[in-house]
Amino acid sequence: MPKITLPDGSAREYENPVTVMEVAESIGPGLAKATLAGRVDGALVDSSTVLSADADVAIITERDSDGLEVIRHSCAHLMAQAVQRLFPKAQVTIGPVVEDGFFYDFAFSRAFTPEDLQAIEKVMGDIVKENLTVERSIMNRSDAVTMFKEMGEEYKVQIIESIPGDEDLSFYRQGDFIDLCRGPHVPSTGAFKAFKLTSVAGAYWRGDASNEMLQRIHGTAWGSKKDLKLFLQRLEEAEKRDHRKLGKHLDLFHFQEEAPGMAFWHPKGWSIYQTVQRYMRSVQDEHNYKEINTPQLVDYSLWEKSGHASKFSDEMFSVESENRMYAIKPMNCPCHIQVFNQGLKSYRDLPLRLAEFGSCHRYEPSGSMHGLMRVRSFVQDDGHIFCTEEQIQAEVADFMAMLFAVYKDFGFDEVILRLSTRPEKRVGSDEVWDKSEQSLKDALNATGLPWELVPGEGAFYGPKIECSLKDCMGRVQQCGTIQVDFSTPGRLGAHYVAEDSSKKEPVMLHRAVLGSFERFLGILIEHYAGAMPTWLAPEQVVILNITDKQGDYCRNFEESLKNKGFRVSTDLRNEKIGFKIREHTLQKIPYLLVVGDKEVESETVAVRKRGGEDLGTMTFDDFCALLSQDVARFGRSEQLDNS
RNA sequence: GCUCGCAUAGCUCAGGCGGUAGAGCACUUCAUUGGUAAUGAAGAGGUCCCCGGUUCAACUCCGGGUGUGAGCACCA
């Protein structure tokens, strides 16, 4: 006589053990039809699960995020079944759920083509129509291994052999297809309403580059056709915002074959870059950083001492000159320690905050480069804080406060914090790592914000906090970081005289707010879809004349705005006003000023905002006030309009 | 670095079972002096990514390279 308690608190009693599906049926046929799975006492289960004791039960449908996961996971099975119907020799491997969809990796003699994807999608549709029941079963390991061996599924055998423990395994069968899986799954293949295969590409077996490459097919699945459509529109929107496309269209930068992974910045792109840099300089000044500059080429021995050469020599550019080997600096920290080492430092000098817009070069693997997001030549907003152990937490706190304020000014309100701890390959004793990790945990807790622990992802010299922001498409972008380093200063001979006149090694905090200017600009371009807020816009105002008669007036107006420090230009071409408006709108200029005889007469300009909003006519002073106000609010979202 | 795809005018892209190419926009010139997202006409513009091979003939087919895209791997 199980008593089933539903999420709304109501309870139902049943004479005999019931399945989750039967509970749904007893509530209503509509719900039963929509049932994908159930949640019993907190655990996600199949709708066929039998309930013989009292339980808290929730019926999972496509409206639950769990329901969507079930759909996607089951859709991966659906796809695998379709692939094996079309290509019986393809072996299945793994097929997990990922953000917005799923994938499944297959071992096959050739790569799948886009035509194959279409065919697979069609067969998937057939299987949905067949509405095959999805059945769970349990099998012991040796039977499972025997079965997969008979089926020629060598990868599944490997997977089973690598699962620890010796308990029985669960399997899901739909028609002639069976897969090892924890589940839960949809009740039948008729449950799918909206799915699409999106791409195919290679992927290493078990994510290991020394293994063979499998064929990974990505797909997406949703609870309704409408959701699928919205998702596809989101993909389209992201494509429109692609910084590589906008960089060309807005004439911001380019790449060319002779310098792979190194941007050529054009006047407009460089203007944005410089505005961001000036801004960061002023913020760092406020936080008492001292800006420095260090050499591009440094003798290889320094990188050997710092420990970078042994780990990254393959990714460093090097230059031989006068029988000496130099590395083009891949990072700035060893150079900053050289600056610290000049002159005897006292504990009174700490914390010493050194900052550099440091140009770095790294030989990134060819396949990893991606527009401005991953380049071989970049400039970090780098900084190193030399301090005592006791000062770490306050320094980290100050850094976090600075970072939050900066991100807000750029229009990013949500920051995601993660703590990466000791990796396998590392320098320094466990005691030092314990200390470093604890100080970062303390600093994170002090922010009052949630944070996530990522074991094993720290740098080889110390743990790090990674700060990611969420852009307007909801994409998470890792930018800022602060890393504790108890090792490198000692390796490079840094020390200071402590209060008791003993010689001590300083702790070094590596930190960056933006990460690299290149990447951050890429993120900004995509976040704003190229329509930069006025303070960042390379051209803030363009003045347009109606006829040649207003040319001088426009030029004078331009000159006066330039004298106030604004970035202004005129477009006095012999073109119709509509044509000029269109062109500059496509170039995403924040303000267009139209000048005809009326405006000359009244000594005003007609102000049109980027979004098409007509602000009417204004005098020079009024327009200056408006523009100053707009520039002063940066990109802060609470005041950002949608123009 | 790996798998697969792509590389044609400044840009976005067509095209040809092997006989050296085209559109729109942009550009130049001329006409037009117009009020808030495209005025009209004419003109100019290409080593069809690079190096080999096959062929009477290669932008096209084959091989290699470079760059690039998606994904994987890597990321101090």
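Every chain is numbered from 1, with letters handed out A, B, ... down the list of sequences. Please read these numbers as outputs of a predicted model, since none were measured by experiment.
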Quote, to the nearest angstrom, the C1' distance that separates B:C51 from B:A9. 24 Å

Taking the C1' atom of each, how far is B:G45 from B:A26, in whole Å? 11 Å

Spacing of A:N574 atom CG relative to B:C27 atom P, expressed in whole Å: 13 Å

Report the nucleotide, chosen from B:C75, B:U36, B:A37, that has the shortest atom-to-atom distance to any side-chain atom of A:L586. B:A37

Closest to the A:R608 side chain, choosing from B:A76, B:U36, B:C2: B:U36

Of the nucleotides B:U3, B:U12, B:C2, which has the atom closest to the A:A111 side chain? B:U3

Rounded to whole Å, please give me the gap between CG in A:N545 and P in B:U36. 15 Å

Which part of the nucleic acid does A:Y461 contact within heavy-atom distance under 4.0 Å: base, sugar-phosphate only, or nothing? sugar-phosphate

Give the nucleotide from the list B:C27, B:U3, B:A70 with an atom nearest to the side chain of A:M213. B:U3

Are A:E154 and A:Q91 close enough that some pair of their side-chain heavy atoms sits under 4.5 Å apart? yes

Report yes if at least one side-chain N or O of A:R244 is closer than 4.0 Å to OP1 or OP2 of B:A70; otherwise report no. yes

Counting heavy atoms from C-beta on, name the nucleotide in B:A76, B:G35, B:G1 closest to the side chain of A:P365. B:G1

Just to be sure I understand the rule, does A:D614 reach a base, reach only the sugar-phosphate, or reach nothing, if contact means heavy atoms closer than 4.0 Å? nothing

Carboxylate-amine/guanidinium proximity below 4.0 Å for A:D100 and A:R234: yes

Starting the side chain at C-beta, find the nucleotide from B:G35, B:U39, B:U3 nearest to A:E575. B:U39

Assign each of A:F312 and A:I577 to its nearest nucleotide of RNA chain B by heavy atoms, then name whichever residue's nucleotide is nearer the 5' end. A:I577

Below 4.0 Å: OP1/OP2 of B:G34 and any side-chain N or O of A:K549: no

For a salt bridge (charged side-chain N to carboxylate O under 4.0 Å, His left out) with A:E526, tell me which candidate from A:R475, A:K240, A:K245 qualifies. A:R475

Roughly how far apart, to the nearest Å, are B:G16 and B:U8 at atom C1'? 12 Å

C1' atom, B:C62 versus B:G18: distance in rounded Å? 13 Å

Quick check: do A:H73 and A:F102 have side-chain heavy atoms less than 4.5 Å from each other? no

Applying side chain to side chain contact (heavy atoms under 4.5 Å, CB included) between A:W451 and each of A:I465, A:L440, A:L444, report the one that passes. A:L444

Would you mind classifying the nucleic acid contact of A:F579 as base, sugar-phosphate or nothing, using non-hydrogen atoms under 4.0 angstrom? sugar-phosphate

With the side chain defined as heavy atoms from C-beta on, A:P260 is closest, among B:G71, B:G35, B:G67, to B:G67

Which part of the nucleic acid, if any, lies within reach of A:G207 when heavy atoms closer than 4.0 Å are counted: base, sugar-phosphate only, or nothing? sugar-phosphate

Would you indicate which nucleotide in B:U36, B:C74, B:G71 comes nearest to any side-chain atom of A:A201? B:G71

Of the listed nucleotides B:G1, B:U3, B:C75, the one nearest the side chain of A:Q215: B:U3

Distance, rounded to the nearest Å, where A:L544 contributes CG and B:G34 contributes P: 16 Å

I'd like the P distance from B:C6 over to B:A44, given in whole Å. 35 Å

Taking only the side-chain nitrogens and oxygens of A:S199, find out if one of them lies under 4.0 Å from OP1 or OP2 of B:G71. no

Answer with base, sugar-phosphate or nothing: what part of the nucleic acid does A:G367 contact at a heavy-atom distance below 4.0 Å? base

Pairwise C1' distance for B:C50 and B:A58, with rounding to whole Å: 15 Å

Among the candidates B:G1, B:U66, B:U39, find the nucleotide nearest to the side-chain atoms of A:E257. B:U66

OP1 or OP2 of B:A70 sitting under 4.0 Å from any side-chain N/O of A:H370? yes

Taking B:C49 as the reference, what is the distance to B:U55 when you measure between their C1' atoms (whole Å, please)? 23 Å

Of A:V595, A:L544, A:V600, A:V594, the one forming a side chain to side chain contact (heavy atoms under 4.5 Å, CB included) with A:V605 is A:V595

Span that lies between the P atom of B:A57 and that of B:G53, in whole angstrom: 12 Å

Is it true that A:D105 and A:R216 have a side-chain N and a carboxylate O under 4.0 angstrom from each other? yes

Return no unless some side-chain N or O of A:K248 is found under 4.0 Å from OP1 or OP2 of B:U12. yes

With a non-hydrogen cut-off below 4.0 angstrom, is A:K425 in contact with a base, only sugar-phosphate, or nothing? nothing

How many Å lie between CD on A:Q478 and P on B:C75, as a whole number? 13 Å

Quick check on side chain to side chain contact (heavy atoms under 4.5 Å, CB included): which of A:H336, A:M508, A:R511 does A:I385 satisfy it with? A:R511

Expressed as a whole number of angstroms, how long is the span from A:D242:CG to B:U12:P? 12 Å

Start at the 5' end of RNA chain B and walk down; is the nucleotide closest to A:A259 or to A:I546 reached first? A:I546

Between C1' of B:U66 and CZ of A:R376, the distance in whole Å: 12 Å

Touch class at under 4.0 angstrom, heavy-atom based, for A:E239 against every strand present: nothing

Starting from C1' on B:A70, measure out to CZ on A:R374 and report it in whole angstrom. 16 Å

